[in-house]
Amino acid sequence: MANVESFDLDHTRVHAPYVRLAGVKTTPRGDHISKYDLRLLQPNQGAIDPAAIHTLEHLLAGYLRDHLSDVVDVSPMGCRTGMYMAVIGAPDEQAVLKAFESALRDTAAHDRPIPGVSELECGNYRDHDLVAARQHARDALAQGLKVQQTVLLDRGGSGGTATS
């Protein structure tokens with residue numbers, strides 16, 4: 001089985017909420033695609049309810065694109081502690097942090113219908129919770145977002161080297 005980057009992250013040594021560059025892939029044409037870990041909750045200390053993370057996905061998918069160019073995808077983490085975002089290129093982590101903060105402010109203030117919520121637009125359109133999604137956005141902002149360096153697992157004396 002191929003190695004998965006997130007399985008090398010020491011989840012006990014990161015401090016949410018944060019933005020973390022999770023990896024950069026180079027396409028055969030030489031383009032870069034960067035994946036960011038947009039963590040809202042501390043790993044293994046909580047999880048976002050499925051309806052709330054579904055709503056966060058819908059809102060952040062739009063709001064992050066309002067504040068950062070070349071966003072390819074915004075997807076919830078299976079562990080339900082945050083989102084992954086893929087972008088074309090390699091934007092500076094501080095630019096991603098600023099965009100994430102802005103998108104969370106937009107989410108916290110969102111007072112209109114959730115975009116893309118109909119049987120035609122969404123595969124589970126009944127499973128949303130705007131109130132909880134807004135609260136998660138407010139909570140993350142209140143705690144203060146930061147850039148988190150990658151802290152690797154120590155798998156035999158490497159010391160858990162931090163990388164970016």
Side-chain angles (χ1 to χ4, degrees), residues 2 4-7 9 11 14 16-27 29 31-148 150:
V4 178
E5 179 274 340
S6 65
F7 298 164
L9 177 68
H11 287 74
V14 295
Y18 64 75
V19 167
R20 180 181 70 86
L21 178 62
V24 179
K25 298 281 186 188
T26 303
T27 69
R29 291 185 172 179
D31 298 311
H32 298 291
I33 300 172
S34 301
K35 180 174 107 174
Y36 290 89
D37 171 345
L38 308 177
R39 195 73 61 146
L40 294 165
L41 296 182
Q42 185 64 26
N44 299 305
Q45 293 185 15
I48 302 168
D49 180 78
I53 203 160
H54 190 190
T55 301
L56 283 165
E57 175 190 16
H58 279 235
L59 294 175
L60 291 174
Y63 286 135
L64 280 164
R65 285 173 169 90
D66 289 346
H67 299 289
L68 191 67
S69 62
D70 298 321
V71 172
V72 174
D73 184 50
V74 177
S75 303
M77 295 176 173
C79 63
R80 300 188 341 257
T81 60
M83 304 295 231
Y84 283 118
M85 178 181 68
V87 297
I88 297 169
D92 175 80
E93 287 172 315
Q94 290 296 326
V96 174
L97 178 71
K98 183 178 176 185
F100 190 33
E101 286 174 333
S102 296
L104 287 172
R105 277 194 296 276
D106 293 341
T107 297
H110 190 89
D111 61 358
R112 299 177 310 281
I114 302 162
V117 177
S118 75
E119 187 175 12
L120 295 173
E121 301 164 305
C122 179
N124 195 4
Y125 75 98
R126 293 181 195 97
D127 191 27
H128 284 277
D129 187 340
L130 179 58
V131 171
R134 291 177 62 190
Q135 187 62 53
H136 282 292
R138 284 192 295 270
D139 290 349
L141 289 166
Q143 291 175 48
L145 293 155
K146 64 193 153 304
V147 171
Q148 169 72 58
T150 296

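Along the sequence shown, residues are numbered consecutively beginning with 1. The shown structure was predicted, so the numbers you read here are calculated from the model rather than taken from an experiment. Basis for what follows: all heavy atoms, side chains included, without hydrogens, waters or symmetry-related copies.
- Under the 4.5 Å side-chain criterion, counting only non-hydrogen atoms from C-beta, M85 is in contact with V96.
- Side-chain atoms of Q148 never come within 3.5 Å of backbone atoms of L38 as a donor-acceptor pair (strictly under, hydrogens ignored).
- For the atom pair CG of L64 and CG of L59, the computed distance is 10.5 Å after rounding to the nearest 0.5 Å.
- The side chain to side chain contact (heavy atoms under 4.5 Å, CB included) test applied to R112 returns Y63, H110, not counting sequence neighbours.
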- Query: Please walk me through it: do L21 and T150 pass side-chain contact (heavy atoms from CB on, under 4.5 Å)?
  - Reply: CA-CA 8 Å; L21 178 62; T150 296; 6.0 Å; no

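- Within 6.0 Å of CD in E119 there are 12 or fewer heavy atoms belonging to other residues, nucleotides or ligands.
- Heavy-atom contacts from other residues, nucleotides or ligands closer than 6.0 Å to CG of D31 number more than 12.
- Of all heavy-atom pairs between I53 and I48, the closest is N-CG2, 3.5 Å.
- Counting heavy atoms from C-beta on, the side chains of R134 and R138 come closer than 4.5 Å.
- Counted by atom type alone, Q143 and D139 present zero donor-acceptor pairs between their side chains at under 3.5 Å.
- The side-chain heavy atoms of Y36 and P91, taken from C-beta on, include a pair separated by under 4.5 Å.
- Considering all non-hydrogen atoms of both residues, K146 and P17 come closest at NZ-O, 3.2 Å.
- Applying the side chain to side chain contact (heavy atoms under 4.5 Å, CB included) test to S6 and every residue at least two apart in sequence or in another chain returns V4, Y84.
- Residue pairs meeting the salt bridge (Lys or Arg N to Asp or Glu O under 4.0 Å) criterion with at least one member in residues 33-58, sequence neighbours excluded, are R20-D37, D37-R39.
- R65 places no side-chain N or O within donor-acceptor distance of the main-chain N or O of D70, the cut-off being under 3.5 Å.
- Side-chain atoms of H58 come within 3.5 Å of backbone atoms of P115 as a donor-acceptor pair (strictly under, hydrogens ignored).
- With a 4.5 Å cut-off on side-chain heavy atoms, E101 and V19 do not count as touching.
- Atom CG of L145 is separated from atom CG of L40 by 7.5 Å, given to the nearest 0.5 angstrom.
- From M83, atom CE reaches atom CE of M77 across 9.5 Å, with rounding to the nearest 0.5 Å.
- Residue S34 comes nearest to G89 through the heavy atom pair OG-O, 2.5 Å, listed as atom of the first residue, atom of the second, then distance.
- Here the shortest heavy-atom pairing between A137 and L104 reads CB-O, 3.5 Å.
- Looking at L60 and F100, their side chains come closer than 4.5 Å, going by heavy atoms from C-beta outward.
- Scanning all heavy atoms of the two residues, the minimum distance from D127 to A51 falls at OD1-CB, 3.2 Å.
- Residues R80 and P50 have side chains in contact (heavy-atom distance under 4.5 Å, counting atoms from C-beta outward).
- Taking CG from D106 and CG from D66, the interatomic distance works out to 6.5 Å, rounded to the nearest 0.5 Å.
- Taking each heavy atom of L9 and H11 in turn, the nearest pair found is O-ND1, 2.9 Å.
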